[in-house]
Amino acid sequence: MTYTRFDAVEEAFMRPSVDAVPPAPATSDYFGCNVFNRKNMRKYLSADTRQKVYESIEQGITLQRDVAEQVAAGMKRWAMDMGATHYTHWFQPLTGGTAEKHDSFAEPYGKGESLEEFTGKLLCQQEPDASSFPSGGLRNTFEARGYTAWDPSSPAFVLGDTLCIPTVFISYTGEALDFKTPLLRSETAVAKATADVLKYFGIKDDAVYSFLGWEQEYFLVDAALYALRPDVIMAERTLVGHNSARNQQLEDHYFGCIPSRVLEFMKDLEFGAYKLGIPIKTRHNEVAPNQFEIAPVFEQANLAIDHNLELMALMKTTAERHGFKVLLHEKPFAGINGSGKHCNWSLGTESGIGLLSPGKNNKENLRFLVFMANVLKAVYDNNALLKASVMTASNAHRLGANEAPPAIISCFLGTQVTNAFKELLKSKDMVKIAGKSKYSLGIPQVPELLIDNTDRNRTSPFAFTGNRFEFRAVGSSANCSSAVTVLNAIVAYQLKQFKEAVDKRIASGTPVTQALLEETKETYKKCQKVCFDGNGYSDEWKAEAKKRGLDCETSAPVCYDAYLSKQTAMIYEDVGVMSDVELKARTEINWEIYNKKIEIEARVLADLTANHILPVATRYQSVLLDNVSKMKEIFTDRKEFEQVACGEIHIIKDIAMHCSEARSKAEEMEAECDRIEDLPGERDKAIAYHDKITVYLEQIREHVDALEMIVDDEMWPLPKYRELLFIR
Ligand code: ADP
Ligand code: MG
């Protein structure tokens, strides 16, 4: 007997809620217990070794070989005490997600005996056979070696029975093959450029960081129902499925009461996250049914991103324990909200100064306006690149597809900051004003608490929210490094330009404060076109944005061109984030991944149509045909027959039409895929996949969804939206 949709529905309905975890006394008792953090280092490393490790973390000093040996020995003892038997270098290849290859600590040494070994060399560097990771032509297969190298700024952690060591992943010739390497370089660049500008304000020796607080959105579906959806299994989204009568129109899910089974999952997830030292703070329902969000307190970007990736992996394993599947795809269901991963980004210092926080006095407010203007200018100059950094085949369903956020990168400032800039532009007599003591600059006091909730704009992709920018265009499945690297790099470059210009003014005799004011004014003037506080979804904005010269491209493959522009190459070279070769390789990989994703969707939909949908539709059609022919025997009067049978005849014709259209479109699509595969370059392929195949995907879906509405519910093989979305 086959397992049907109804069995799955029953299983889902009857699934008991699994108790999350034994109640723990207080989070603080176990927070970070699975991390080789300072607390654990104190138990396993000598004071001297610890000191060297801290220096390495804080100042980026390379660890000496003998120190690495000490660290490795301590780390191994700690990990084994935690029950670990294996270790792995944990890295972030460009395929997305994380990669790990587990090696056992066990080192057999003959005579049938073995001991546990983990040396400084094994800690610091490995050579995984990485030939099957994408390299965009950076690595020929004969030099398939890539190196992973320890990143001490992100602490090692134990997951299950494995010690995980965060690492960068680079090619034999030193090019970045991962997300982490350019991110670390961008952090260094922006920290340096920021620190240089801070000197004007008398701030020295205060380390600068880029901070990130991500908000991870996701869907949960019952595992039994998931198992009956080949599209969701293979492509991570529903390629067919008619809207359910009720979806999110009641908006009753957002911030609603969290269903108990989901709550147990969340508690379990948080327990696991806390053990990994991930500072989870918030959990709530999202807008769409079965959509949720989890968010931590912000951290230094590199650490925040590692934590996000750890969490994404943890979500999947935890969901399994609770009979759920977690969907991180940006648009698993058509017609209802997709999932993003808002990246709250800011710059700040070790001592706690938020550089995007308005201050309490004019001097602090000038600093605030300086950094705001520079961020705006960087975003304005590089809006196409910023969009490219978040564009993927899956996120393209959100960006520009009439839902949060549009495919045009603009900045929302809110009334108060906008007014502050307006005042700045108006202020004329700078010399006099600036000459007065106590920084009486003639710009209005910007109140400390700026943005209240009424002054928020959900349609803006890059919104100022009081002490940070919220980059909303990032997709839920993304590695945030892609976006944060671009942000850090372009802001670093802009700050360098700014400093050069200010220095020039100072050199020609302008007092520092006035030079800063004048240059901030100039900077803002040049980029104010990027500011837009209105409705980002409206057609008027699309037209207006075009006029303002903002990038309005919606085709992902074309968006990637921004990585190859002269400007990007110049900026990346200048701030030392990526070389030309690395940029080219990365763009090649972006296209490659895009192509693979769309190709998979096409193959899955073609199979689904041919093997699942059409057979069922024709079976139902036969039932109707049979009925009609029997009616004909009873209703011998032709007119009478036509009257009673016309409804069914109409349906039969409809089914025939939809089946024939779906079949022929699917065949055409497959043939087109074959042709595309023969095209010479990845970019050409990507453009063809975008222009041709995604259109077929939509067309076929329309016919299948129409059939779903016609065919007897009893016969329909795939779990429907109402089941996927409303069963908890
Ligand atoms: P929202 O109201 O936008 O849903 P959340 O509370 O869900 O806000 O998430 C906001 C995120 O922004 C959190 O991760 C929070 O720690 C982070 N955040 C707050 N201040 C800053 C800052 N200065 N820099 C970076 N991130 C920040
Ligand atoms: Mg939130």
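Atoms within each ligand, like the ligands themselves, are counted from 1 in listed order.
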Exercise. Does an N or O anywhere in Trp345 fall below 3.5 Å from an N or O of ligand 1?
Worked result: no
Exercise. In Å, rounded to the nearest 0.5 Å, how long is the span from CD of Glu310 to CG of Leu276?
Worked result: 5.0 Å
Problem set entry | Ligand-residue contact atoms, ligand 1 with Val297, heavy atoms, under 4.0 Å | 16 (O)
Exercise. Would you call the rings of Tyr218 and Phe265 parallel, tilted or perpendicular, where under 30° means parallel and over 60° means perpendicular?
Worked result: perpendicular
Seminar exercise, completed: For Glu58, the salt bridge (charged side-chain N to carboxylate O under 4.0 Å, His left out) test, sequence neighbours excluded, returns Arg38
For this session: Could you tell me if any non-hydrogen atom of Gly354 lies under 4.0 Å from any atom of ligand 1?
Result: no
For this session: Can you sort out which atoms of ligand 1 are near Gly213, meaning under 4.0 Å from one of its heavy atoms?
Result: 14 (O), 26 (N)
For this session: Could you say whether the N/O atoms of Pro296 and ligand 1 ever approach to under 3.5 Å?
Result: yes
Exercise. When you look at NZ of Lys192, are more than 12 heavy atoms from neighbouring residues, nucleotides or ligands closer to it than 6.0 Å?
Worked result: no
Problem set entry | Trp345 vs Val484, side chain to side chain contact (heavy atoms under 4.5 Å, CB included): CA-CA, chis, key distance, verdict | CA-CA 8 Å; Trp345 172 91; Val484 175; 4.2 Å; yes
For this session: Could you establish whether Glu293 and ligand 1 come within less than 4.0 Å of each other, counting only heavy atoms on the residue side?
Result: yes
Exercise. Which pairs, with at least one residue in residues 483-495 and sequence neighbours excluded, count as a salt bridge (charged side-chain N to carboxylate O under 4.0 Å, His left out)?
Worked result: none
Exercise. Ligand 1 and Ser346, any nitrogen or oxygen pair closer than 3.5 angstrom?
Worked result: yes
Exercise. Could Asp306 and Lys180 be called an ion pair, given the rule that one side-chain N must be under 4.0 Å from one carboxylate O?
Worked result: yes
For this session: Considering the heavy atoms of Glu470, write down every atom of ligand 1 situated less than 4.0 Å from one of them.
Result: 3 (O)
For this session: Could you tell me whether some N/O pair between Glu215 and ligand 1 is separated by less than 3.5 angstrom?
Result: yes
Exercise. Has ligand 1 got any nitrogen or oxygen that is less than 3.5 angstrom from a nitrogen or oxygen of Phe211?
Worked result: no
